[in-house]
There are 2 protein chains.
Amino acid sequence: MVCWPTGRLLSTAARLVEHAWVEALDPLGLTHAGMVALHLLGSGPLSQTELAHAARVQTQTMSRTLERLEREGYVVRTRDKHDARRHSVVRTDAGAAVWQKSRTLEADLFPELENADALRDALLTIISASSARRW
Amino acid sequence: MVCWPTGRLLSTAARLVEHAWVEALDPLGLTHAGMVALHLLGSGPLSQTELAHAARVQTQTMSRTLERLEREGYVVRTRDKHDARRHSVVRTDAGAAVWQKSRTLEADLFPELENADALRDALLTIISASSARRW
DNA sequence: GTCAACTAATCAGCTAGCTGATCAATAGGA
DNA sequence: TCCTATTGATCAGCTAGCTGATTAGTTGAC
């Protein structure tokens with residue numbers, strides 16, 4: 001596996017880490033995608049398009065994620081007064097609470113790394129390089 | 001985004017890179033998952049369980065990937081003589097050819113990085129740490 | 001030899017990505 | 001004003017992961 005291409009290592013590592021997340025979040029009735037949305041809503045209401053953009057995801061994907069969050073009571077969607085096309089998405093108190101709980105998991109889940117800074121650097125470079133066209 | 005947790009950066013980077021792969025592989029009638037399988041079959045026939053294990057994936061997932069590869073003619077599955085439960089999966093000539101074509105894409109797709117070695121190191125550490133229990 | 005336990009593969013059903021198409025509401029130009 | 005283009009959200013349908021359950025074939029103990 002040492003000779004696998006870097007892109008494949010990246011996918012594999014991400015999948016395994018996300019698997020750990022799923023297990024940890026399940027008892028909270030939350031998914032990783034939902035957690036991202038709750039995080040982004042921390043600084044105030046957003047439209048679905050804004051949320052999708054911030055999460056680097058398609059609006060269709062965000063739509064479903066929010067549908068689930070709303071079903072769980074972690075989020076409320078209301079029509080915008082000034083633009084009836086837009087949904088104003090607000091994090092509920094329950095949503096804020098569950099997000100706080102989930103925050104503490106991060107440190108426990110992610111393995112300790114010597115070169116964590118180099119990793120973050122590289123990931124940010126990759127993200128900005130490959131998202132240049134879409135976002 | 002600079003203050004996102006590392007796990008989220010990892011997922012996002014992987015998703016964006018994989019998106020580039022999908023676009024590049026589509027004309028070949030190949031997916032990223034299929035490419036992994038074709039790669040692993042390069043050194044000879046394997047059973048589906050062995051393939052799944054090597055790709056760090058569930059056997060159910062590999063089953064579907066191979067179904068698609070077989071449909072495209074890149075792979076042939078035959079019942080094992082000695083153990084009729086097993087499928088012996090063989091890469092066809094077409095499969096070998098398409099894999100060769102796809103190999104050259106990797107260099108073009110993946111962004112140049114200064115600290116590529118540190119990245120690979122970190123990813124391998126993450127993979128071995130979080131796959132310890134499953135593989 | 002028979003029955004139980006295990007193993008390889010698949011089926012059913014879920015979430016998360018994606019594309020392409022659709023619908024309703026808004027904005028803007030003739 | 002009206003008609004078109006744009007925009008926000010959703011629907012339909014695809015692949016790739018996953019879990020849990022099922023089926024068929026092997027193995028092993030009695």
Side-chain angles (χ1 to χ4, degrees), chain A residues 8 11-26 29-37 45-53 55-72 77-89 130-131 134-135, chain B residues 8 11-26 29-37 46-53 55-72 77-89 130-131 133-135:
Chain A
R8 196 179 307 168
S11 309
T12 306
R15 191 159 42 76
L16 294 174
V17 166
E18 213 154 344
H19 188 263
W21 269 107
V22 169
E23 284 189 337
L25 290 175
D26 187 54
L30 202 54
T31 68
H32 189 246
M35 205 188 136
V36 175
L46 291 171
S47 78
Q48 297 193 183
T49 301
E50 288 164 343
L51 267 172
H53 187 267
R56 301 286 195 281
V57 149
Q58 297 300 119
T59 58
Q60 301 91 314
T61 301
M62 185 52 71
S63 183
R64 273 187 317 188
T65 299
L66 293 171
E67 185 188 329
R68 232 180 327 281
L69 283 174
E70 191 169 40
R71 203 191 307 145
E72 297 280 344
R77 287 186 288 182
T78 53
R79 286 282 169 189
D80 188 295
K81 292 177 200 170
H82 306 298
D83 187 341
R85 290 170 306 179
R86 298 164 69 91
H87 277 166
S88 179
V89 185
S130 39
S131 73
R134 308 177 70 196
W135 283 278
Chain B
R8 195 179 308 168
S11 309
T12 305
R15 190 159 44 76
L16 294 175
V17 167
E18 213 154 343
H19 188 261
W21 268 108
V22 169
E23 284 189 339
L25 291 174
D26 186 53
L30 201 56
T31 67
H32 188 246
M35 204 188 137
V36 174
L46 292 170
S47 77
Q48 298 193 181
T49 302
E50 288 163 342
L51 267 173
H53 187 267
R56 301 284 195 282
V57 149
Q58 296 299 120
T59 58
Q60 300 92 313
T61 301
M62 186 52 72
S63 182
R64 272 187 317 187
T65 298
L66 294 171
E67 184 189 329
R68 231 179 328 282
L69 283 174
E70 192 170 40
R71 201 191 309 146
E72 298 280 343
R77 288 184 289 181
T78 52
R79 286 282 169 190
D80 188 296
K81 292 176 199 170
H82 307 297
D83 186 341
R85 289 170 306 178
R86 297 164 68 92
H87 278 165
S88 179
V89 185
S130 38
S131 73
R133 296 201 164 187
R134 308 176 72 196
W135 282 279

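Lettering of chains follows the sequences in order, A, B, ..., and the numbering in each one begins at 1.
- Among the nucleotides dT15(C), dG17(D), dA9(D), the one closest to any side-chain atom of R86(A) is dA9(D).
- Between the CD atom of Q48(B) and the C1' atom of dG25(D) there is a distance of 15 Å, rounded to whole Å.
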Exercise for the section: Assess whether side-chain contact (heavy atoms from CB on, under 4.5 Å) is satisfied between S63(A) and Q48(A), documenting all intermediate values. Expected result: CA-CA 7 Å; S63(A) 183; Q48(A) 297 193 183; 3.9 Å; yes
Handout entry: Contact state string [nucleotides 20-29 of chain C, B base, S sugar-phosphate only, - no protein heavy atom under 4.0 Å]
Key = B----BS---
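- Using a 4.0 Å heavy-atom cutoff across all strands shown, H19(B) reaches sugar-phosphate atoms only and no base atom.
- The CG-C1' distance, from L16(B) to dC18(C), rounds to 12 Å in whole Å.
- Residues passing the side chain to side chain contact (heavy atoms under 4.5 Å, CB included) test with T31(B), sequence neighbours excluded: A33(B).
- Taking only side-chain nitrogens and oxygens, T61(B) comes nearer than 4.0 Å to OP1 or OP2 of dC18(D).
- Out of dA9(C), dG17(D), dG17(C), the shortest distance to the side chain of H87(B) is found at dA9(C).
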Exercise for the section: Could you walk me through whether V57(B) and R15(A) pass side-chain contact (heavy atoms from CB on, under 4.5 Å), step by step? Expected result: CA-CA 10 Å; V57(B) 149; R15(A) 191 159 42 76; 3.8 Å; yes
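- Using a 4.0 Å cut-off, no side-chain N or O of R64(A) falls inside it from OP1 or OP2 of dC18(C).
- Nucleic acid contact class of T59(A) (heavy atoms, under 4.0 Å, all strands): base.
- A heavy-atom distance below 4.5 Å is not found between the side chains of T59(B) and L51(B).
- A distance-only check finds a donor-acceptor pair linking the side chain of E70(B) to the backbone of R77(B) [under 3.5 Å].
- Per the geometry, CD belonging to Q58(A) stands 17 Å off P belonging to dC11(D), to the nearest Å.
- Contact annotation for T49(A): backbone-only contact, meaning every heavy-atom pair under 4.0 Å involves sugar-phosphate atoms and none involves a base.
- Comparing E23(B) and S47(B) against DNA chain C, the residue whose closest nucleotide sits nearer the 5' end is S47(B).
- Look at CG on L25(A): it is 15 Å from P on dT15(C), rounded to the nearest Å.
- What separates CZ of R77(A) from C1' of dA9(D) is a distance of 9 Å, to the nearest Å.
- Qualifying side chain to side chain contact (heavy atoms under 4.5 Å, CB included) partners for R79(A), counting only residues two or more places apart in sequence or in other chains: H87(A).
- Distance, D80(B) CG to dT26(D) P: 9 Å, rounded to whole Å.
- Within 4.0 Å of T31(B), counting heavy atoms only, lie sugar-phosphate atoms of the nucleic acid but no base atom.
- With DNA chain C read from its 5' end, the first of the two nearest nucleotides for E67(B) and H32(A) is the one closest to E67(B).
- Residues E23(A) and H19(A) form a side-chain contact, since some pair of their non-hydrogen atoms from C-beta on lies under 4.5 Å apart.
- Judged by atom type and distance alone, R56(B) does not reach the base of dG17(D) through any side-chain donor-acceptor pair under 3.5 Å.
- Between the CD atom of E70(A) and the P atom of dT15(C) there is a distance of 16 Å, given to the nearest Å.
- Atom-to-atom, CG of L66(B) to P of dG17(D) comes out at 12 Å; the value is rounded to the nearest Å.
- Side chains of V89(A) and E50(A) form no contact here, defined as non-hydrogen atoms less than 4.5 Å apart.
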